[in-house]
Amino acid sequence: MPLAFAPLRHPAFRLLWWANLAANIGLWVQNTGAAWMMTSLDPSPAMVSAVQAASMLPVFLMALPAGAAADIIDRRTYLIGAQAWVLSVAAMLALLTWAGWIGPWGLLFFTFCIGMGNALNFPAWAATTPELVPREDLVQAIALNGIGFNLSRAVGPAIGGFAIALAGTGAAFALNALCFLSLLLALLFWKREAPVNPMPPEHFLGAMRAGLRFVMASPAMRATILRAVVFFFFTSAVWGMLPLVVRGRLGLGPEAYGMMLGAMGVGAVATGFALPSLRVRLPTRGAMVTVFSLVSALALAILGLSNHWLPVVVSMLLFGAGWLAAASTLQAAAQFATPGWVRARAIGIYQLCFFGAMTLGAVLWGWAGSHIGIAPALLVAAGTAAAAAIAVRGWGLDAAPTGEAPTVPMPRPEAPADELRAVLAGESGRVTEAVRYTIDPKRRAEFLAAMREVRHVRRRSGAHGWQLLEDVAHPERWVELWSVESWTEHLREAGRLDPADRSALARAAAFQATGGAPQAARYLGVQP
């Protein structure tokens with residue numbers, strides 16, 4: 001099998017990829033039908049554009065809650081519930097449309113409800129991909145998901161237009177329901193091996209807070225989000241100004257606009273197939289994103305300078321290539337930066353950031369186009385996109401080598417006293433943890449460098465606050481303090497540590513100068 005299709009050799013991924021392709025086609029059919037129906041119900045520009053807003057607004061409102069729920073609930077069960085919601089809403093919309101009972105506000109309501117289902121689906125589906133393929137196939141699996149999305153974007157509106165022409169908008173909505181039914185059936189056939197977790201499920205609000213703390217304390221995730229925001233903010237200029245270029249400058253109609261979008265899809269699909277060989281030439285994810293950010297900037301410049309349809313097609317081919325390569329690489333970097341226990345909510349935060357960057361960028365570049373002209377705005381977007389891509393290239397997306405962890409005794413706290421076990425089994429309240437180190441004062445600078453990484457480890461695994469204290473009378477004595485929400489959250493900490501985290505803790509423990517391990521203790525907050 002060619003390397004571009006290698007992930008499809010895994011049966012579960014193959015089954016869900018085809019089903020997800022059908023669901024994405026249904027989504028584009030739904031969007032086409034809703035936009036067309038609104039032109040007859042209320043043809044004002046505000047109401048027509050509100051259809052798109054109603055489908056995207058749930059992503060902003062629900063990205064983090066959806067990710068937290070996907071991490072708490074069994075992922076297969078969660079995805080089945082999300083598809084069942086979209087299927088039922090789409091079927092109801094089709095029936096009410098056939099009955100003639102849908103008005104403009106009713107259409108917006110059902111569009112928003114379908115958007116809710118998709119918002120629930122996005123982070124869970126992204127977090128599921130690493131379960132379906134081994135690590136070496138993950139990047140190409142994400143690229144195949146991007147290829148599927150671009151294929152659906154190319155054929156979905158056309159299918160929707162034929163369905164509307166043949167049987168009306170109700171048929172388009174019914175077709176969307178059937179497409180999501182195929183994904184629901186595929187999920188029912190998927191035999192997921194759920195990870196065994198002896199701990200009770202996390203509380204919903206606590207899970208969201210833990211996700212935020214993880215992202216804030218993860219340098220790899222912060223770098224991925226920063227580079228995604230930079231890429232999507234500047235390249236979003238295409239989505240707002242391409243229709244104006246086609247209609248205003250080129251004087252062409254909707255067929256030409258569709259051809260330009262098709263060229264973008266062709267560039268994306270071709271690049272997706274070529275990604276395995278491109279990764280040989282660009283072995284780091286950071287280099288891949290930088291190069292294809294520059295390719296996208298070049299596409300923006302060509303679009304801004306073009307007065308003929310042929311260079312516009314070339315620019316769309318380049319833009320599709322840059323978009324898919326950079327977006328799939330960033331998505332893979334986000335996957336690699338997050339462990340399984342927090343993956344869906346971290347991906348939800350990532351998606352919230354890049355959707356927000358796209359939305360804000362489209363608004364600001366549209367404003368710029370209306371004030372300084374479309375061509376100058378596109379050229380400014382191209383120049384700033386290239387400059388920003390070069391400026392952030394130092395934010396690496398590949399994990400730094402951790403080196404071999406020293407073999408040293410690790411701090412182990414004493415077992416809880418018998419008389420406190422009943423308290424710990426219930427809602428114990430906040431738990432403060434302490435580790436006492438005795439180090440050689442001459443190694444102070446090295447110790448502080450090691451503890452900076454320990455601080456990130458503690459925060460990623462659930463710590464609220466973290467402090468490092470030095471004894472003013474005995475500079476060899478140090479105390480590390482941090483708090484977690486409850487005794488249960490304290491017990492989760494060990495399960496959240498990956499090998500790199502354990503290596504960082506071992507390097508800190510190796511500074512213990514008195515022999516043995518640093519001393520660890522745990523304290524419950526008590527109201528006197």
Side-chain angles (χ1 to χ4, degrees), residues 210 213-223 336-339 341-342 394-417 420 424 430-487 489-526:
R213 284 194 295 270
F214 176 87
V215 170
M216 292 174 64
S218 172
M221 198 65 189
R222 292 201 309 269
F336 285 125
T338 52
W341 69 270
V342 74
W395 291 70
L397 301 178
D398 299 271
T402 58
E404 187 174 349
T407 304
V408 296
M410 297 297 291
R412 295 185 181 278
E414 295 181 78
L420 291 179
L424 299 178
R430 182 163 295 192
V431 175
T432 298
E433 302 180 60
V435 177
R436 294 180 176 85
Y437 300 86
T438 301
I439 72 164
D440 182 351
K442 296 178 181 179
R443 304 187 68 190
R444 184 178 189 275
E446 299 173 68
F447 178 69
L448 290 177
M451 295 306 290
R452 279 194 289 272
E453 181 56 33
V454 170
R455 177 184 61 191
H456 291 312
V457 171
R458 303 297 189 200
R459 289 188 179 276
R460 285 196 295 268
S461 58
H464 277 275
W466 184 91
Q467 289 181 294
L468 183 62
L469 308 176
E470 184 177 13
D471 191 326
V472 295
H474 299 275
E476 75 278 5
R477 297 178 184 174
W478 295 76
V479 179
E480 177 195 4
L481 292 174
W482 71 98
S483 298
V484 294
E485 289 184 354
S486 66
W487 182 256
E489 285 298 302
H490 161 65
L491 296 178
R492 290 191 218 276
E493 285 184 278
R496 292 173 174 175
L497 299 176
D498 61 22
D501 294 335
R502 296 182 189 278
S503 295
L505 297 179
R507 285 192 293 273
F511 283 91
Q512 184 71 11
T514 58
Q519 297 178 347
R522 299 165 291 186
Y523 301 90
L524 285 179
V526 178

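Residues: numbered from 1 along the sequence shown.
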Contacts of type salt bridge (charged side-chain N to carboxylate O under 4.0 Å, His left out), residue [X], not counting sequence neighbours:
| X | result |
| --- | --- |
| Arg213 | none |
| Glu493 | none |
| Glu476 | none |

Leu424 side chain reached by Val431 side chain, heavy atoms, under 4.5 Å: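 Heavy-atom side-chain distance check fails, nothing below 4.5 Å.
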Between Arg496 and Glu489, is there a side-chain heavy-atom distance shorter than 4.5 Å?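 Yes - at least one pair of side-chain heavy atoms lies under 4.5 Å apart.
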Give me the atom names and distance for the closest heavy-atom approach of [X] to [Y].
| X | Y | result |
| --- | --- | --- |
| Ser483 | Arg430 | CB-CD, 3.7 Å |
| Ala434 | Leu481 | CB-CD2, 3.5 Å |
| Pro518 | Pro409 | CD-O, 4.1 Å |

Value rounded to 0.5 Å, distance of [atom1] in [X] from [atom2] in [Y]:
| X | Y | atom1 | atom2 | answer |
| --- | --- | --- | --- | --- |
| Trp487 | Leu524 | CH2 | CG | 7.5 Å |
| Asp440 | Glu446 | CG | CD | 9.0 Å |
| Leu505 | Met410 | CG | CE | 5.0 Å |
| Thr432 | Gln467 | OG1 | CD | 9.5 Å |

Tell me, please, which residues at least two apart from [X] pass side-chain hydrogen bond (donor to acceptor under 3.5 Å, both in side chains).
| X | result |
| --- | --- |
| Arg458 | Glu480 |
| Arg522 | His490 |
| Ser218 | none |
| Arg436 | Tyr523 |

Under the rule for side chain to side chain contact (heavy atoms under 4.5 Å, CB included), what residues qualify as partners of [X], not counting sequence neighbours?
| X | result |
| --- | --- |
| Pro339 | Phe214, Trp341, Val342 |
| Ala513 | none |
| Met216 | none |
| Ala508 | Tyr437, Met451, Val454 |

Run Thr438 and Gln512 through side chain to side chain contact (heavy atoms under 4.5 Å, CB included) and show every step you take. CA-CA 5 Å; Thr438 301; Gln512 184 71 11; 3.9 Å; yes
Looking at Arg507 and Glu453, is there a salt bridge between them, counting it only when a charged N and a carboxylate O are closer than 4.0 Å?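 Judged by the 4.0 Å cut-off on N to carboxylate O distance, Glu453 and Arg507 do not form a salt bridge.
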Worked verdict on Leu468 versus Arg455 for side chain to side chain contact (heavy atoms under 4.5 Å, CB included): CA-CA 9 Å; Leu468 183 62; Arg455 177 184 61 191; over 6 Å; no
Passing candidate, side-chain hydrogen bond (donor to acceptor under 3.5 Å, both in side chains) with Arg460, options Asp501, Asp498, Thr338: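 Single side-chain hydrogen bond (donor to acceptor under 3.5 Å, both in side chains) partner of Arg460 among Asp501, Asp498, Thr338: Asp501.
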Return each pair, listed once, that meets ring-ring contact (aromatic ring centres under 6.0 Å, His included) where at least one residue sits in residues 450-486; pairs must be two or more places apart or across chains.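 Counting only pairs at least two positions apart or across chains, the ring-ring contact (aromatic ring centres under 6.0 Å, His included) contacts touching residues 450-486 are Phe447-Trp478.
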Answer yes or no: are there more than 12 heavy-atom neighbours, outside Gln519 itself, under 6.0 Å from its atom CD?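 12 or below, so no.
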